[in-house]
Number of protein chains: 4
Amino acid sequence: MTPTTVPTQKGRPRSAKAQQATLQATIELLLDRGLHSMTVDDVAVRAGVSKATIYRWWPSKELLALDALATEWAVATPSAERDMGNLRRDLLARVRPWLRQLNEKPYGRIIAELLAEAQSDAAFAALYQDRFVKPRREATRPLFQRAIDRGELAADTDIELALDLLYGTIYHRLLHGHAPLTERFAQQVIDAVISANSTGQNDEQAEISSQR
Amino acid sequence: MTPTTVPTQKGRPRSAKAQQATLQATIELLLDRGLHSMTVDDVAVRAGVSKATIYRWWPSKELLALDALATEWAVATPSAERDMGNLRRDLLARVRPWLRQLNEKPYGRIIAELLAEAQSDAAFAALYQDRFVKPRREATRPLFQRAIDRGELAADTDIELALDLLYGTIYHRLLHGHAPLTERFAQQVIDAVISANSTGQNDEQAEISSQR
Amino acid sequence: MTPTTVPTQKGRPRSAKAQQATLQATIELLLDRGLHSMTVDDVAVRAGVSKATIYRWWPSKELLALDALATEWAVATPSAERDMGNLRRDLLARVRPWLRQLNEKPYGRIIAELLAEAQSDAAFAALYQDRFVKPRREATRPLFQRAIDRGELAADTDIELALDLLYGTIYHRLLHGHAPLTERFAQQVIDAVISANSTGQNDEQAEISSQR
Amino acid sequence: MTPTTVPTQKGRPRSAKAQQATLQATIELLLDRGLHSMTVDDVAVRAGVSKATIYRWWPSKELLALDALATEWAVATPSAERDMGNLRRDLLARVRPWLRQLNEKPYGRIIAELLAEAQSDAAFAALYQDRFVKPRREATRPLFQRAIDRGELAADTDIELALDLLYGTIYHRLLHGHAPLTERFAQQVIDAVISANSTGQNDEQAEISSQR
DNA sequence: TCCTAACCGAGACGGTACGTCGCGTCTTAGG
DNA sequence: CCTAAGACGCGACGTACCGTCTCGGTTAGGA
């Protein structure tokens, strides 16, 4: 009987059901009303869970929301990724499902509210980065590297800047809502990012982008 | 002159001092603690103004914050603008003072919180657009048009997209804070936006941008 | 030119019209909503008078109310009083018009609210006594004295107690509202007060009181 | 036993300590400053209780005050009551402890303020009746009935009127404060009420009342 | 006749308390 | 030990009303 390890835990085990119900109720309420208007009591009632249980698993409403959104998106995101042959297609394949998601439900509001929270809470900000920012950038970075290797992009291309251009522009429309996140918009942004660092070998882009 | 306006106002006039003190106290507290942690009572105390007076003129804490930031920025913003000869210089002249401001004080946090508020309040969103988004875009749009007229940019350049690329990327770093808003960053973004729509007549850019 | 006295006052004289309109508006609002629910702004608007003017004449809402009620009652109260021959008739003649007034409009509420105010403000209490309590007692005291002189009441009758019995009982019903202030009630109270101090010479009372 | 009541209550039970501390703090502040000057925040601080908790159990400051006074008086009131042999002694035994209480602390002010509140709020008035008026009248009524049965009072004595005379006179002095609530006063009022309905069989009264 | 000082209506202001709301913690009984 | 139920402390919100204060404009009496 080693005292450090606890092979058999006493008492009632944690309810996975309660956790799932909480996250589900949270994302529903977030989409319905936003983080600010959602109350933890609401979540508890809708999930059929006690408030104390919620706080046993998540330290604050904001972190619950973050977790709920991350879970929601993790489920639907296909991790598999294959080489489409050129950067334009790679980026479109990468960005398209996300944009589709963003257009389906009002996730933008949640993102904005998480972002606001992150401004005053460094720990939260770090978590936000880990769950929402870094994964996307890390998944996209190789696409650019591949394009450089292929000779599509200049060797001195600043990949970080390219990522900022790509995602910054998308976030801009998402958060400010002054224009929609259309398929055409996605193509235009991607074309712009590519042509800003182009070596001139990828003529295909202009043609496709002018289709629609 | 105009018959609709009443030249002689009845009653005690609104205290300009109270208004200014309120806005000043608000922006100070916003920069110090952010919108969420700022209390209207705090503002009242610091401004030497009663809470009732604050609510007489601003319907909510959020609208007060919006007004305070708009006022703060309106003061320091030079409206005069002259043709620098080429788009790159024009855009740099336009964007540089703002970036300098953003680097001086933590305005990003306030922007993020206003943006969050705008997500759930259409009226607030409209006001936010009017005070922060539209002016900047409208002031920048002619610069692009001039560049088209000069032949620097292609005639079919999508100016709205160019604006999104420019401001979106800046906002992205401002809000996510994953990288600083340096002078070099500004130049890179501008170069990228230009080269994405370039006609090839403006060789100057690459040289200057590679200086530093 | 005596500096202490101001024989001829310069400037615009006070507006008697404003004063009257204020008192009138006040009593109307008092009867309609009571002192607590009446606001000074309401009075000002209804009287067509500025709030500053109201506070130039009356130091507080409560004192305005007190003045308004006193004025209302002073107008309708006949000061003439004649000997009716016996105490019973004297008291009835004295009390009847007041009871009639109390039944016509909800003055009881105002009285209760003034009384409440008087509990915590000695100066107000003194004024309340002077305007509402003392006059009535002083006008009633001689009636009892006359009855003693006539031999209707015992020589050692405690007039103050008699006054308390008479007015206390009326006030009780007025303020607690557990029973109405009927004519019959008035007769019964008066009969009780008299018979408590009776010498046995005033047989008339029982008969009349038993009429109805 | 009763199927309607739930034997096992769910959740954290209401804190009896918080309830008692609130009522205690309230009555102290009421006696110290009166209802108007008492603040709910003050009560919360003194009771070591949050304001929200106070409003969770009492809908308004006024109802809290009513409850606090009723509780204060309920504690000190002996419900046991025995036949003293004649009405005079019965009434004195009934009234004396209350008058003693009224003379000890400034309850009159509170009563006046509750009474004022009752004027504009029917529900409050009903509650006031139930807690302060009815119990006392109902406890006193049998004493009069007993006296009628004994032959001390006339068979056609109007008990309600007698109650009004007794309590009305006491309330009058309590609220108007023009004279003190002495033992002698109590005796005089009681004697007056009795002699107003006397059959002439109770000679004892005059003697005792003239003792002091 | 015109000057001027006290008045007036309008309405903004500082202050104080109200009653409400939501977060995150706690205390029960029960599984 | 975990859970549901729900009471609790804390702190901020936005509202209401009081009594005070500035305005521009009005109205007599004295020069």
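Reminder, nothing fancy here: chain letters follow the sequence lines and each chain counts from 1.
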In this structure, how many angstroms lie between the [atom2] atom of [N] and the [atom1] atom of [X], rounded?
X     : N      : atom1 : atom2 : answer
A/D42 : E/dC21 : CG    : C1'   : 12 Å
C/I54 : E/dC7  : CD1   : C1'   : 15 Å
D/R33 : E/dA17 : CZ    : C1'   : 13 Å
D/W58 : F/dA7  : CH2   : P     : 13 Å
B/R14 : E/dG14 : CZ    : P     : 11 Å

For a quick check, with a 4.0 angstrom heavy-atom cut-off, what is the B/S/- contact string for nucleotides 15-21 of chain F, read 5' to 3'? BBSSBBB
Applying side chain to side chain donor-acceptor pair (under 3.5 Å), name anything that partners C/Y107, two or more places apart in sequence or on another chain. C/E72
Can you name the side chain to side chain donor-acceptor pair (under 3.5 Å) partners of C/S37, sequence neighbours left out? none
Checking side chain to side chain contact (heavy atoms under 4.5 Å, CB included) for the pair A/I111/A/Y128: CA distance, chi angles, key distance, verdict? CA-CA 10 Å; A/I111 289 290; A/Y128 176 86; 3.7 Å; yes
Would you kindly compare B/P13 and C/A18 by the position of their nearest DNA chain E nucleotide and give the one closer to the 5′ end? C/A18
Where along residues 20-31 of chain D does a heavy atom fall under 4.0 Å from DNA chain E? none
Could you tell me which residues satisfy ring pair (Phe, Tyr, Trp, His ring centres under 6.0 Å) with D/F124, sequence neighbours excluded, listed by chain and number? none
Between residues 112-127 of chain B and DNA chain F, which residues have a heavy-atom gap below 4.0 Å? none
Listing request: all salt bridge (charged side-chain N to carboxylate O under 4.0 Å, His left out) pairs with a residue in residues 20-29 of chain B, at least two apart in sequence or in separate chains. B/E28-B/R46
Salt bridge (charged side-chain N to carboxylate O under 4.0 Å, His left out) contacts touching residues 54-68 of chain C (sequence neighbours left out): C/D67-C/R131
Whether C/T53 contacts E/dG9 is assessed here as follows: a side-chain N or O lying under 4.0 Å from the phosphate OP1 or OP2. Is that the case? yes
Any side-chain N or O of D/W57 below 4.0 angstrom from OP1/OP2 of F/dA7? no
Show your reasoning for whether side chain to side chain contact (heavy atoms under 4.5 Å, CB included) applies to D/Y55 and D/L64. CA-CA 9 Å; D/Y55 279 104; D/L64 169 60; over 6 Å; no
Donor-acceptor contacts under 3.5 Å from residues 112-119 of chain B side chains, at least two apart:
from	atom 1	to	atom 2	distance (Å)
B/E113	OE1	B/L35	N	2.5
B/E113	OE2	B/H36	N	3.2
B/Q119	NE2	A/L175	O	2.8
B/Q119	NE2	B/L115	O	3.1

side-chain contact (heavy atoms from CB on, under 4.5 Å) partners for [X], two or more places apart:
X     : value
C/T39 : C/D41, C/D42
B/S15 : B/K17, B/A18
D/A21 : D/A47

